[in-house]
Amino acid sequence: MLAIKPFRRLWMVMFLCSTADWLTLLGLTGFVTKLTESYMAQNFAFSGVVLTLLLPGLIFAPLGGLLADRFDRRKVMVVADVVRCVLLLSIAIVGSPLWLFAANFMVGFASTMWIPSKEAAVPNLLRRRDQVETANQLGMVMTYGFAVIAGAGSYALITVLPQVVGLPEGATGEFGIAKFVVICTGLLYLLSAIIVATRIPELSLRNVHESAEDTASAKAAEDTASAGFLQMIKDGAQYVRSTKLVRGLLIGMVGAFAAGGAVVGSSKPYAASLLAGESAFGMMFVCVFLGLAGGMAGAPKLAHRMPHDRLFGIAIVFAGFALMAVAVAPHLIVALAAVTLVGACAGAAFLTGVTIIGTQVDDAIRGRIHAIYQSLMKIILGGSVAAVPLLIGLVRPRVISVFDNRIVIDGTRPVLLGGGILAALVGILAYRLMDSRRTEPIMADLRNVLRRSPQRANGLLIAIEGTTATDTADQAAKLALWLRRNVTQPIALATDPALDDKRLTSILTNASLTGARARALAAAAVRADIVERDVRPALDNGGIVVMERFADSSLAHLSTIAGLDAGELEGLADWATDQLKPDITLLLDTEPTPDGDGGASHQQWRMRGLLSEMAAADPDRYVVIDADGPPDEVAERVRTAVEAVLLLKGIRRSPSAAAAARDAREVEEALADGEFTVADLAEPVADVSSEVPATPGPATKGGGS
């Protein structure tokens, strides 16, 4: 991820701005304390700074989304950074408590304009959509990890600087160090503006990863946006109402943050009710944030085993159950474990929600959805934190004994229990709205999470293997065309494109690689790039990928021709593909064709034997197809096997009669030409890339590749 130059630069900008945000909080608190003499006013200094900084986010967050969708996002970010710099410098110059709070409010307003533009622009800086989740992870690590340490450390270093350099007391004046902190904070925002304006022009890009249909819809949305802000608000509301995914996302977020507010608002009295001393609150605070970090770190791995739309709702449901456990916990140890689980589920849900917005929401409206998401989060958290103490006060505390342990039953218990029930119910509702895999039971996904070798959550990978490249290419193309007419998912055909043959040939020739092991390593490198660049994104988008000669045929060919160890080659293939396995492998079993010398026949017999051994070792994944006979008959046998897989996976068949009655002459012409490209197959069939031959040159009937 950090090898992508625009994202790396934005990541550093996030470090500057997040560090400045934390310095603003600390620096202005110290400055306003110096500016006020009243003990009461000094006690409210921190609360006043926090309130004036966060209040604009509660009021103006939707406006930030409108700006992000209407104007150049890079320019919005630059203007917001310059405004923050000017306001902070003015605070240091004016030196008035009243102006400090007013300017801090406007700093919060500028931040509210900056954040949606940054969030909406991130996906356009990346090479693929599937990198959005990792980008969000890195952003959160920077914002709530490195930046917190840098901000707090910088503040401590600046405030202790006079003593370190040995300045006499009073040398900096009454407000010297406090002003210096505020000025440094403003200069950090100015540096951010300069970098964004001069070094990250890619922030202005739009619709980088959109398909033709998505681009057309995004263009229409942008045309509508030019009509005015009122129309944009209507468009955003209409998009939320008409899109179940986004509606479920926002509903689930309401429950999740309401439960989070219940935890935050009741944490101090709840810790006291456990009668575990003053340290209980600190331990619970640490456990919540450890859980958040663990949930955000583990969410991408869970997403490989469960789709994002399911993971979001399930995470909220489990957070609700964990919160119920917190409510009835009789001992500190139980409470700490349950609180950690609440944090982990909340972290996974938050990261998953942001990822869904970045990958599945149109670029033209992404800023508004981000703004709504952030605004509701602040409103619900703030409202919950404010309301919880009032609810707690309605219940008179009572002391009871459970297993010889005295615990206090006060208002925190029913509040936490109610928050848990609310989160579970809202999570179920969000799950039902967002779930795109109704044909597969949720228990199958939950079992998949617990497996040591999980099945892939999205997409379907079908491999066509055999001893001859001609047969596998022909049958892979026929199967892809048949799937295109009969299923609703996008279809990707992975063949043996000449471009990849040339690429491998170039690698072998330019590097003067002649040994069998060197050729195998070069082929593995090309295979790894194809899987990462083309195959995995197609699967992550829920498509069906038909792979001609994924790995097994090449493995058998190298083992037979070059005499390399089959086990070592299998390990190399697993490493290159990150252990990606086909959901079903169709092995075309055909009688070897003898030649005059019998050499090719002998090689084919050996390859056939190795492939048969692979199929026998994993019968759940392999289907052996009798490939002797006319190609159309073999294709019918292949389709019969695939139909059973489609039925088992619950993949919907296309209801379109027009798609089922597609002109057969187009198919025959494409097959006759031997060119299986996007133009031949028509959208949405994508010609990605297939396994590349282990030896340069065209594949032959006698040897395979």
Side-chain angles (χ1 to χ4, degrees), residues 460-487 491-501 530 535 544-554 556-557 582 584-593 595 600-601 603-604 607-608 611-612 615 622-643 645-646 662-682 685-695 697-705:
L460 180 68
L461 177 57
I462 303 173
I464 308 288
E465 305 284 358
T467 56
T468 60
T470 304
D471 291 341
T472 53
D474 184 37
Q475 294 302 325
K478 287 178 179 289
L479 177 60
L481 291 165
W482 177 80
L483 288 169
R484 168 66 181 90
R485 300 192 305 271
N486 289 276
V487 299
I491 309 300
L493 172 63
T495 64
D496 279 327
L499 286 176
D500 282 327
D501 281 346
I530 290 169
V535 176
I544 300 177
V545 179
V546 179
M547 292 286 297
E548 178 211 348
R549 309 170 75 78
F550 176 62
D552 294 351
S553 298
S554 294
H557 174 72
I584 187 69
T585 298
L586 305 175
L587 176 57
L588 303 180
D589 186 40
T590 182
E591 288 287 336
T593 303
D595 61 7
S601 175
Q603 293 174 2
Q604 289 186 42
M607 283 188 64
R608 185 189 188 192
L611 290 171
S612 298
Y622 282 83
V623 175
V624 180
I625 306 293
D626 182 4
D628 290 322
D632 289 340
E633 291 184 8
V634 177
E636 183 63 32
R637 297 168 195 156
V638 169
R639 288 195 294 268
T640 301
V642 171
E643 280 185 317
V645 176
L646 298 180
R662 184 180 294 272
D663 190 350
R665 286 180 299 179
E666 178 187 347
V667 176
E668 293 175 358
E669 289 173 2
L671 293 175
D673 292 339
E675 299 175 356
F676 309 110
T677 63
V678 176
D680 293 320
L681 301 177
V685 178
D687 182 14
V688 289
S689 299
S690 75
E691 166 55 34
V692 179
T695 56
T700 62
K701 178 83 173 175
S705 58

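- The closest side-chain heavy-atom distance from P582 to E465 is not below 4.5 Å.
- For the atom pair I584 CD1 and L460 CG, the distance stands at 9.0 Å (nearest 0.5 Å).
- Summarising the geometry, atom CD1 belonging to I491 is positioned 7.5 Å from atom CD1 belonging to I462; distances are rounded to the nearest 0.5 Å.
- Between K478 and V638, the closest side-chain pair of non-hydrogen atoms is not below 4.5 Å.
- Within the model, atoms CZ of R637 and CG of D632 stand 11.0 Å from one another, a figure rounded to the nearest 0.5 Å.
- Side-chain contact between W482 and V642 is present, with at least one heavy-atom pair separated by less than 4.5 Å.
- None of I625, V623, L611 except one satisfies the side-chain contact (heavy atoms from CB on, under 4.5 Å) rule with L587; the exception is L611.
- For the pair D474/V634, no side-chain contact is recorded, criterion being any heavy-atom separation below 4.5 Å from C-beta on.
- Counting heavy atoms from C-beta outward, N486 and L646 have side chains that stay 4.5 Å or more apart.
- The pair R639-E643 fails the salt-bridge criterion, with no side-chain N (NZ, NE, NH1 or NH2) lying under 4.0 Å from an Asp/Glu carboxylate O.
- Here the shortest heavy-atom pairing between V546 and A476 reads CG1-O, 3.8 Å.
- One finds the CE atom of M547 at 11.0 Å from the CD1 atom of I464 (value rounded to the nearest 0.5 Å).
- With rounding to the nearest 0.5 angstrom, the CZ atom of R549 is 9.5 Å from the CG atom of L588.
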